[in-house]
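The structure under discussion appears below in the form of structure tokens.
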There are 2 protein chains.
Amino acid sequence: MTEDDRQTEEKIFDAASIVFQEKGMDGARMQDIANRAGINKALLHYYFRTKDLLFEAVFQKVAGRLFAKFAPVLSEGLTLEDKLRFFYREHITFMKENPRLPAFILNEINRHPERIKKITRHIDFIKLWETIEKQHKEELEKYNITIDIVPQVMVSIAALSVFPFAARGIIEGIFESLGVDFDKYIEDRKEFAADFIMGALKNRQSTNK
Amino acid sequence: MTEDDRQTEEKIFDAASIVFQEKGMDGARMQDIANRAGINKALLHYYFRTKDLLFEAVFQKVAGRLFAKFAPVLSEGLTLEDKLRFFYREHITFMKENPRLPAFILNEINRHPERIKKITRHIDFIKLWETIEKQHKEELEKYNITIDIVPQVMVSIAALSVFPFAARGIIEGIFESLGVDFDKYIEDRKEFAADFIMGALKNRQSTNK
DNA sequence: GTCTATAGAAGGATAGAC
DNA sequence: GTCTATCCTTCTATAGAC
């Protein structure tokens, strides 16, 4: 299938994905999207009516893809540690391929928190926790992970993989003066993050009362 | 000193700080800034010439303030652990008072990485590391922190405090359905983050060869 | 220094031909 | 479905009075 054969709506959507991720809702220009899609502005409106609707379509799609990466935590037959290692490998690889995505999502969500609700409102987080609790009863006890620290642990796990990409502009600048290569750093991070979290959890064993 | 006594330039600057942090460079409107400062648009241009220059002034100032919070790591006479605890208390308290700051800075920097260079280019990160190395030789050996994993550890430390604020829109949404209070969570995080990092580091002792 | 009024450009959206 | 031409609003920036 050549570039020209692709359906117009799809071409517009792909172009919009790139431009919105790069410039954000406010910075994006319909003209830029039209140019990148190889069509004219009027067609954008023909297919998506307004900039808002086009943005909403793009946002729901790409944010959904990012969140879907958290799904493996529900698969059976893996230890907590293996799930964690699997998650970091998958999630970091995905963000490496979509480097603008984390900052884009964080930013647009902070300005319009209602957008994320559309994606998360169908997820029953309490049931999700109960599933994990059932699957990993012994490990949770061993690491002393009680319900009250679950939010702290979950956010910490997400932070270690998302933050390097969200803060890439700063980190890369500092790395330059240290002679550190960002891509190599990210590759190493898949394992480091898993080790780091497991280290923190294992250490809770000794403080276990 | 009443609101009216304050110098005009300062009023404009403060108003611009708020509006830019809330809407970003592209979303901010000069009219909004003028209204909030209680003056008219023309005066904005009289004092700062263009929107770009006004933005640049605001950005350099607020980003500088955030980075300054990393300074305590250089103070003498504290153990690594005490510095870490001190840092999280200070940094999280600061972000609690400026909740829009992290996402604002991350976003604008990713779109214009050159902006951060203006702030960081005068910092000699290599010398900074040498100072820490000298101050904490034994602790670094004990935790097996060699130069090659310093970037991983530093980013992880920053991630645990910055990410909850940068991703607040998402986190707060999920917390709502779990019945978790964000402010309480953040208060707890000051200690949790320090414990978590120390746990991960202490666990490196056992894997020490 | 501060204001009102307005120029001038940019960008989202639509009308209408094909 | 796709295009060109254009409308209309919004926004930055400036001119000029006080």
Side-chain angles (χ1 to χ4, degrees), chain A residues 1-62 100 104 107-108 111-112 114-115, chain B residues 1-62 100 104 107-108 111-112 114-115:
Chain A
M1 185 160 77
T2 71
E3 189 75 4
D4 287 49
D5 291 343
R6 287 170 55 224
Q7 293 304 307
T8 306
E9 186 166 341
E10 195 189 335
K11 281 199 297 189
I12 293 173
F13 191 91
D14 291 348
S17 292
I18 294 170
V19 174
F20 278 132
Q21 283 186 53
E22 202 144 314
K23 306 282 180 98
M25 167 64 183
D26 294 328
R29 294 292 161 253
M30 296 295 266
Q31 187 63 61
D32 285 0
I33 296 172
N35 291 346
R36 189 175 283 266
I39 47 100
N40 58 73
K41 267 196 301 178
L43 258 196
L44 296 183
H45 290 97
Y46 176 80
Y47 279 98
F48 292 90
R49 241 167 51 84
T50 67
K51 185 184 179 184
D52 267 327
L53 289 172
L54 176 54
F55 178 86
E56 194 64 24
V58 167
F59 185 81
Q60 295 299 324
K61 174 81 168 286
V62 300
R100 297 270 187 173
F104 167 69
N107 200 54
E108 300 296 343
R111 292 212 218 299
H112 303 280
E114 70 281 3
R115 284 204 184 110
Chain B
M1 187 161 73
T2 72
E3 189 75 2
D4 287 47
D5 291 341
R6 288 170 54 224
Q7 293 303 308
T8 306
E9 185 167 342
E10 194 188 337
K11 281 200 297 190
I12 293 173
F13 191 90
D14 291 349
S17 293
I18 294 170
V19 174
F20 278 132
Q21 283 186 56
E22 204 143 313
K23 306 282 182 90
M25 167 64 184
D26 293 328
R29 293 291 161 253
M30 296 296 265
Q31 187 64 60
D32 285 358
I33 296 172
N35 291 345
R36 190 176 282 266
I39 48 103
N40 59 73
K41 268 194 301 177
L43 215 42
L44 295 184
H45 293 282
Y46 176 80
Y47 278 98
F48 291 91
R49 242 168 47 85
T50 66
K51 185 185 179 185
D52 267 326
L53 288 171
L54 177 54
F55 178 85
E56 195 63 23
V58 167
F59 184 81
Q60 295 299 323
K61 175 80 168 285
V62 300
R100 298 270 187 173
F104 167 68
N107 200 52
E108 299 295 345
R111 291 212 218 301
H112 303 280
E114 69 281 4
R115 283 202 185 112

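Quick note on labels: first sequence line is chain A, next is B, and so on, each numbered from 1. Treat the numbers as computed from the prediction; the structure is a model and nothing was measured.
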Notebook entry, point to check: Between Phe20(A) and Phe55(A), how do the two ring planes meet: parallel, tilted or perpendicular, split at 30° and 60°?
Noted result: perpendicular
Check: Can you find an N or O donor on one side and an acceptor on the other, under 3.5 Å apart, linking the side chain of Lys41(A) with the base of dG11(C)?
Finding: no
May I ask you to evaluate whether [X] reaches the phosphate of [N], defined as a side-chain N or O under 4.0 Å from OP1 or OP2?
| X | N | value |
| --- | --- | --- |
| Arg29(A) | dG12(C) | yes |
| His45(B) | dA13(D) | yes |
| Asn40(B) | dT2(C) | no |
| Tyr46(A) | dT14(C) | no |

Please state how far atom [atom1] in [X] lies from atom [atom2] in [N], giving the value in whole angstrom units.
| X | N | atom1 | atom2 | answer |
| --- | --- | --- | --- | --- |
| Met30(A) | dT9(D) | CE | C1' | 15 Å |
| Leu54(A) | dG11(C) | CG | P | 16 Å |
| Leu44(B) | dA15(D) | CG | P | 17 Å |
| Phe48(A) | dT14(C) | CZ | P | 16 Å |
| Leu43(A) | dT14(C) | CG | P | 14 Å |
| Lys23(B) | dT12(D) | NZ | P | 12 Å |
| Tyr47(A) | dG12(C) | OH | P | 20 Å |

Note to self: Both Thr8(A) and Ala28(B) contact DNA chain D. Taking the nearest nucleotide for each, which residue is further toward the 5' end?
What the structure shows: Thr8(A)
Next item on the list: Give a yes or no answer on whether the side chain of Lys51(B) reaches the backbone of Ala28(B) with a donor-acceptor pair at less than 3.5 Å.
Entry: yes
Check: So which one's nearest nucleotide on DNA chain C is more toward 5', Glu9(B) or Asp52(A)?
Finding: Glu9(B)
Notebook entry, point to check: So which one's nearest nucleotide on DNA chain C is more toward 5', Ala42(B) or Thr50(A)?
Noted result: Ala42(B)
Notebook entry, point to check: Considering only dG1(C), dA13(C), dC3(C), which nucleotide approaches the side chain of Lys51(A) most closely?
Noted result: dA13(C)
Check: Quick one: do Arg111(A) and Glu22(B) make a salt bridge, cutoff under 4.0 Å?
Finding: no
